[in-house]
Amino acid sequence: MPGPGRAGRRGGGARRPKWFARGGRGATRTQVGIIGAGPAGLTLALLLQRHGIDAVVLESRSRQEIETTLRAGVLEQATVDLMGELGVAERMMRQAQFHGGIEIRFGGRGHRIDFVRLTGGRRIALYAQHEVIKDFVAALLERGGRIEFSVSGVALRDLDGAHPRLSYRAEGGAREIDCDFIAGCDGFHGPSRAAIPEPARTEHGQVLPFSWLGILAQAPLSSPELCYTHSDRGFALLSTRSPEIQRMYIQVDPDDDVAAWPDARIWEELRARTAVGDGGWRLIEGPVVQKGIVDMRAFVCDPMRYGPLFLLGDAAHIVPPTGAKGLNLAVADAQTLAAGLAAHYGSGGDGLLGRYSEICLRRAWRAVRFSMFMTRLLHRDPAHGPMERRVQLAELDYLTSSEAAMASLAENYVGLPLQW
Ligand code: FAD
Ligand code: DHB
């Protein structure tokens with residue numbers, strides 16, 4: 001890997017007075033060029049703005065599209081706290097649902113994991129990712145931050161040379177921005193990770209043998225907290241977006257098609273998988289307003305830095321969604337990088353930037369571990385026979401009857417502390 005200090009020496013320490021000054025060779029320049037306006041890119045942009053560091057965000061989709069794409073729903077306490085510190089929590093605090101635990105259901109019985117008791121008072125918030133995006137975009141623009149939407153052809157240039165820059169096309173033609181640093185926040189399919197020469201990176205990846213069919217339904221809550229269900233027919237998850245809109249997932253085959261899942265079949269499967277033995281609970285149904293299938297994979301790129309380029313969030317790592325960690329990991333990467341850049345441009349030196357990859361990979365691998373654990377615990381693996389399934393039930397039994405095991409699940413689910 002190129003010396004982490006190389007880009008560090010370039011920045012020089014002098015804080016630039018205004019974020020978008022004219023650069024050399026007719027290009028504009030900024031201190032940090034950010035590719036992607038997802039949770040990673042927007043969190044980084046807001047944090048850098050607070051530190052007075054120039055940044056520009058390039059996003060390939062329109063504002064309307066990023067503000068309506070349905071994805072995550074669970075915010076860790078630390079993500080909620082950060083939103084408060086950044087002054088972008090007002091709508092979330094009014095609209096989110098705060099849960100102090102989750103239910104693990106198997107063998108027709110529910111078992112509550114009490115996060116508040118097991119973690120010294122920590123909770124999670126249920127608030128849709130696209131609502132987070134709306135809040136972040138509005139705050140950033142209102143505070144004078146710059147996001148260019150609907151750009152195309154973003155390319156990372158001269159990462160090994162003296163003039164790292166981003167080239168792209170926007171309304172009005174081809175553009176280029178000189179950058180001290182580039183933050184690759186462009187998700188799993190973006191160009192940033194591929195800009196690291198192959199010999200300089202190792203990619204660890206595994207595609208899991210199941211997918212999730214997710215729906216949004218207009219229905220009241222069936223369960224007061226998230227309900228993760230193991231059943232002989234496969235995994236099911238009851239989540240929520242508001243008291244009137246519910247988010248639910250069922251495990252399906254990786255090659256399944258949404259067309260093969262009419263609403264009646266989805267409800268039948270959800271009812272069967274979440275049924276409770278004594279019949280004292282009932283799934284509340286309603287019109288399905290959205291449905292889609294996502295594949296499940298685990299992926300980590302090592303290192304997460306190449307000279308002036310830093311990878312954040314899904315660009316560097318993907319975790320299976322069962323642990324609800326992806327968005328929160330992206331936010332943690334942004335916090336780590338922002339602290340490193342603030343030290344670099346201030347008087348803190350380059351020690352933290354130099355350890356960025358090590359710090360973020362440690363957290364990412366722990367999230368991979370936890371998400372794989374939750375996935376294996378709750379899904380029906382087509383390759384498993386009766387022996388493996390019996391062991392899975394024993395694991396669930398242990399998990400829901402041991403204080404130590406419950407505490408371990410709880411501390412991972414609400415989020416491990418940020419350490420550097
Ligand atoms: P993204 O959100 O993917 O953002 C990347 C941005 O970069 C996008 O806006 C994209 O348009 C842009 N981009 C891509 N290519 C380019 C380009 N060439 N030029 C410019 N811009 C580009 N996580 C949780 O923490 N909790 C959950 O409950 C949870 N549930 C999930 C449920 C589902 C069904 C799924 C699919 C995911 C879930 N996740 C969850 C994961 C979470 O959604 C992601 O981990 C998170 O979006 C990662 O944020 P990011 O900013 O790294 O990437
Ligand atoms: C949601 C998504 C998850 O991946 C999860 O583990 C819990 C909830 C959701 O979209 O609400």
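As the structure lists them, so they are numbered: ligands from 1, and atoms in each ligand from 1. Note that the numbering runs from 1 along the sequence shown for the chain.
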Basic-acidic side-chain contact under 4.0 Å: Lys325, Glu76: yes
Arg241 to ligand 2, any heavy atom closer than 4.0 Å: yes
Under 4.0 Å from a heavy atom of Val154: give me the atoms of ligand 1 that qualify, with their elements. 19 (N)
Residue, atom and distance of the protein heavy atom nearest atom 4 (O) of ligand 1 read Gly38 CA, 3.4 Å
Per-atom filter on ligand 1: closer than 4.0 angstrom to a heavy atom of Val74 are 25 (O), 26 (N), 27 (C), 28 (O)
My understanding is that we take every heavy atom of each candidate and find the minimum distance to atom 53 (O) of ligand 1. Doing that for Gly326, Gly187, Gly184, which one comes out nearest? Gly187
Between the main-chain N or O of Leu311 and the side-chain N or O of Arg193, is there a donor-acceptor pair closer than 3.5 Å? no
Going by the atom numbers of ligand 1, which of them fall below 4.0 Å from some non-hydrogen atom of Pro191? 17 (C), 18 (N)
Under 4.0 Å between heavy atoms, the region of Tyr127 that gets near ligand 2 turns out to be neither
What protein heavy atom is closest to atom 21 (N) of ligand 1, reported as residue, atom name and distance in Å? Ser60 N, 3.2 Å
For Val74, counting its heavy atoms only, list the atoms of ligand 2 lying under 4.0 Å from any of them. 7 (C), 8 (C)
Atom 4 (O) of ligand 2: the protein heavy-atom neighbour that sits closest, reported with distance to 0.1 Å: Pro321 O, 2.6 Å
Inspect the contact between Arg29 and Asp180 and indicate whether a charged nitrogen and a carboxylate oxygen are less than 4.0 angstrom apart. yes
Considering distance alone, does some N or O of Pro321 sit under 3.5 Å from an N or O of ligand 1? no
Looking at Ile35, which atoms of ligand 1 are within less than 4.0 Å of one of its heavy atoms? 19 (N), 20 (C)
Should you measure from each heavy atom of Gly313, which atoms of ligand 1 turn up under 4.0 Å away? 52 (O)
Can you pull out the closest protein heavy atom to atom 52 (O) of ligand 1? Residue, atom name and distance to 0.1 Å, please. Asp314 N, 2.8 Å
Ligand 2 atoms nearer than 4.0 angstrom to some heavy atom of Thr322 are 6 (O)
Looking at Asp186 and Ser192, would you say the former's side chain and the latter's main chain have a donor-acceptor pair under 3.5 Å? yes
Distance-only criterion, 3.5 Å: show the donor-acceptor pairs between side-chain atoms of residues 283-293 and protein atoms not counting sequence neighbours.
from, atom 1, to, atom 2, distance (Å)
Glu285, OE1, Arg271, NH1, 3.3
Glu285, OE2, Arg271, NH1, 2.4
Lys291, NZ, Trp261, O, 2.9
Lys291, NZ, Asp263, OD1, 2.7

Keeping Gln392 on the side-chain end and Arg376 on the backbone end, is there a donor-acceptor pair under 3.5 Å? yes
Among Tyr413, Tyr249, Trp212, closest by heavy atom to atom 1 (C) of ligand 2 is Tyr249
What donor-acceptor contacts under 3.5 angstrom involve side-chain atoms of residues 408-420, with partners at least two apart or in another chain?
from, atom 1, to, atom 2, distance (Å)
Asn412, ND2, Ser408, O, 2.8
Tyr413, OH, Tyr228, OH, 2.6
Gln419, OE1, Arg362, NH1, 3.4

Check the surroundings of atom CZ in Arg143: do more than 12 heavy atoms from other residues, nucleotides or ligands lie under 6.0 Å from it? yes
Donor-acceptor pair, Thr274 side chain versus Leu270 backbone, under 3.5 Å? yes
If only atom types and distance count, is the side chain of Asp314 paired as donor or acceptor with the main-chain N or O of Phe188 below 3.5 Å? no
Using a 4.0 Å cut-off to any heavy atom of Leu58, which atoms of ligand 1 qualify? 20 (C), 21 (N)
For atom 32 (C) of ligand 1, grab the closest protein heavy atom and report residue, atom and distance to one decimal in Å. Tyr249 OH, 3.7 Å
Is atom CG of Asp232 surrounded by more than 12 heavy atoms (other residues, nucleotides or ligands) closer than 6.0 Å? no
Classify the side-chain pair Thr240/Gln97 by whether it contains a donor and acceptor separated by less than 3.5 Å. yes
Considering heavy atoms of the protein only, find what lies nearest to atom 9 (O) of ligand 1 and give residue, atom and distance to 0.1 Å. Glu59 OE1, 2.7 Å
Short question: side chain of Arg305, backbone of Gly307 - any donor-acceptor pair under 3.5 Å? yes
Any sub-3.5 Å donor-acceptor pair from Ser211's side-chain atoms to Gln251's backbone N or O? no
Ranked by distance from atom 43 (O) of ligand 1, the top protein heavy atom is Gln129 OE1, 2.7 Å
Distance-only, no hydrogens or angles: does the Arg123 side chain make a donor-acceptor pair with backbone N or O of Phe98 under 3.5 Å? no
Atom indices of ligand 2 within 4.0 angstrom of Ala324 heavy atoms, with elements: 5 (C), 6 (O)
How about atom 35 (C) of ligand 1: does it have a protein heavy atom within less than 4.0 Å? no
Check whether any N or O atom of Val151, backbone or side chain, sits under 3.5 Å from an N or O atom of ligand 1, and answer yes or no. no
Considering only non-hydrogen protein atoms, determine which one is nearest to atom 5 (C) of ligand 2 and report residue, atom name and distance to 0.1 Å. Tyr228 OH, 3.4 Å
For atom 50 (P) of ligand 1, the protein heavy atom that lies nearest, with its residue and separation: Pro39 CD, 3.9 Å
Proximity winner for atom 37 (C) of ligand 1, if only heavy atoms of Arg61, Glu65, Arg71, Glu76 are counted: Arg71
Has ligand 1 got any nitrogen or oxygen that is less than 3.5 angstrom from a nitrogen or oxygen of Ala315? no
Between Leu226 and ligand 2, find which residue part has any heavy-atom pair under 4.0 Å and reply side chain, backbone, both or neither. side chain
For Ala40, take its heavy atoms, then give the atoms of ligand 1 lying under 4.0 Å from any of them. 51 (O), 52 (O)
Under 3.5 Å, N or O to N or O, is Ala324 touching ligand 1 that way? yes
What is the closest protein heavy atom to atom 29 (C) of ligand 1, and at what distance does it sit? Ala72 CB, 2.9 Å
Does the plane of the ring in Phe181 sit parallel, tilted or perpendicular to the ring in Tyr345? Use 30° and 60° as the thresholds. perpendicular
Treating Arg233 as the side-chain partner and Ser231 as the backbone partner, does any N or O pair qualify as donor plus acceptor under 3.5 Å? no
Tell me the contacting part of Ser239 for ligand 2: side chain, backbone, both, or neither, using a 4.0 Å heavy-atom threshold, strictly below. side chain
Quick note on ligand 1: atoms under 4.0 Å from a heavy atom of Gly190 include exactly 15 (N)
Look at the aromatic rings of Trp212 and Phe235 and report parallel, tilted or perpendicular, splitting at 30° and 60°. parallel
Would you find a donor on one side and an acceptor on the other, under 3.5 Å apart, between the side chain of Arg389 and the backbone of His384? yes
Say whether Gly73, considering both its backbone and side-chain N or O atoms, lies within less than 3.5 Å of an N or O atom on ligand 1. yes
